[in-house]
J.: 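Can you read through this structure? Questions will come right after.
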Amino acid sequence: MRPVALRTDRLLLDAPQWADAELVTRYCQDPLFERYLTTPWPYTRADADEFLGRFVPEAWATGAELTWAIRRSTGGAILGVISVRSTECELGFWLGAEHRGAGIMSEAASAVCEWVLDGGIPGASAVRWRAVEGNVASARVARAAGFRRIHPVEPTVPTRDGGTLPAWHAIRHPTVAADAAASWDDVLESPR
Ligand SMILES: CC(C)(COP(=O)(O)OP(=O)(O)OC[C@H]1O[C@@H](n2cnc3c(N)ncnc32)[C@H](O)[C@@H]1OP(=O)(O)O)[C@@H](O)C(=O)NCCC(=O)NCCS
């Protein structure tokens with residue numbers, strides 16, 4: 001599959017480039033990534049080179065994982081990354097620390113879900129999300145993007161060392177469920 005660019009009011013989502021490596025390296029050294037993601041830790045420039053130079057293009061080519069760089073609509077510096085693993089249609093995302101708190105990820109996540117569910121991934125009828133229990137910022141993004149919390153038998157997420165941690169899970173269908181927002185009430189406060 002060839003990389004597909006997506007646009008929202010404020011953002012351009014396009015293929016991550018090797019030129020993004022310096023910023024990706026810095027962003028991924030954020031201690032929150034050690035806690036909440038499975039990206040390598042400690043994160044080095046070589047990890048960014050491998051991610052951008054090999055993993056991202058190969059995963060687009062095979063369709064295994066579709067990864068976008070998040071940029072302002074005029075292009076320019078990478079702000080963060082969002083991806084979908086096509087087998088389970090699972091959404092993953094992160095933003096550089098200085099770009100958080102402005103609704104950027106909620107906007108990007110909604111756009112990617114709508115693209116996936118509108119035929120971007122043929123046959124996909126739902127997008128899944130999960131995060132380590134307590135990752136409130138990620139859960140607020142999922143709620144804002146129309147996900148409804150679900151309670152699987154094993155509510156876990158894999159860790160970078162092959163273990164698992166307790167996790168929150170959610171699902172987004174083409175039509176946002178009427179009880180989607182309320183499904184977060186026991187773990188999240190009202191939207192700001
Ligand atoms: C998850 C992440 C991308 C969210 O970024 P963000 O900039 O907060 O996203 P948005 O601005 O779109 O905000 C979404 C909501 O979270 C809220 N929020 C942001 N930071 C928060 C925090 N630390 N605690 C609680 N709420 C927070 C925003 O106010 C907004 O709330 P609202 O929709 O109720 O108004 C960012 O925190 C991040 O990169 N974290 C580290 C990596 C990570 O955990 N990725 C997800 C793995 S599952």
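Counting starts at 1 for both ligands and their atoms, in listed order. Side chains are part of it too, since the values below use all heavy atoms of this structure and drop only hydrogens, waters and symmetry mates.
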J.: Under a single-linkage rule joining Ile, Leu, Val, Met, Phe, Trp and Tyr whose side-chain heavy atoms are separated by less than 4.5 Å, which residues share a cluster with I171?
T.: I150
J.: Could you tell me, for ligand 1, which of its N or O atoms are under 3.5 Å from any protein N or O, listing the pairs and their distances rounded to 0.1 Å?
T.:
unit_1: ligand 1; atom_1: 7 (O); unit_2: G101; atom_2: N; d: 2.7
unit_1: ligand 1; atom_1: 11 (O); unit_2: A102; atom_2: N; d: 3.2
unit_1: ligand 1; atom_1: 11 (O); unit_2: G103; atom_2: N; d: 2.5
unit_1: ligand 1; atom_1: 12 (O); unit_2: M105; atom_2: N; d: 3.3
unit_1: ligand 1; atom_1: 12 (O); unit_2: S106; atom_2: N; d: 2.9
unit_1: ligand 1; atom_1: 12 (O); unit_2: S106; atom_2: OG; d: 2.7
unit_1: ligand 1; atom_1: 26 (N); unit_2: R192; atom_2: NH2; d: 3.0
unit_1: ligand 1; atom_1: 29 (O); unit_2: R192; atom_2: NH1; d: 2.9
unit_1: ligand 1; atom_1: 31 (O); unit_2: R140; atom_2: NE; d: 3.1
unit_1: ligand 1; atom_1: 34 (O); unit_2: R140; atom_2: NE; d: 3.0
unit_1: ligand 1; atom_1: 34 (O); unit_2: R140; atom_2: NH2; d: 2.9
unit_1: ligand 1; atom_1: 34 (O); unit_2: R192; atom_2: N; d: 3.3
unit_1: ligand 1; atom_1: 39 (O); unit_2: L95; atom_2: N; d: 2.8
unit_1: ligand 1; atom_1: 39 (O); unit_2: L95; atom_2: O; d: 3.4
unit_1: ligand 1; atom_1: 39 (O); unit_2: R100; atom_2: NE; d: 3.3
unit_1: ligand 1; atom_1: 44 (O); unit_2: N135; atom_2: ND2; d: 2.8
unit_1: ligand 1; atom_1: 45 (N); unit_2: F93; atom_2: O; d: 2.8

J.: List the residues meeting side chain to side chain contact (heavy atoms under 4.5 Å, CB included) with T44, not counting sequence neighbours, and say none if there are none.
T.: A46, D47
J.: Which residues satisfy the side-chain hydrogen bond (donor to acceptor under 3.5 Å, both in side chains) test with T159, sequence neighbours excluded?
T.: D161
J.: Using a strict 4.0 Å threshold on nitrogen-to-oxygen distance, state whether R149 and D179 make a salt bridge.
T.: no
J.: Can you tell me if D49 and W18 form a side-chain donor-acceptor pair at under 3.5 Å?
T.: yes
J.: Are side-chain N/O atoms of T39 and W94 paired as donor and acceptor at under 3.5 Å?
T.: no
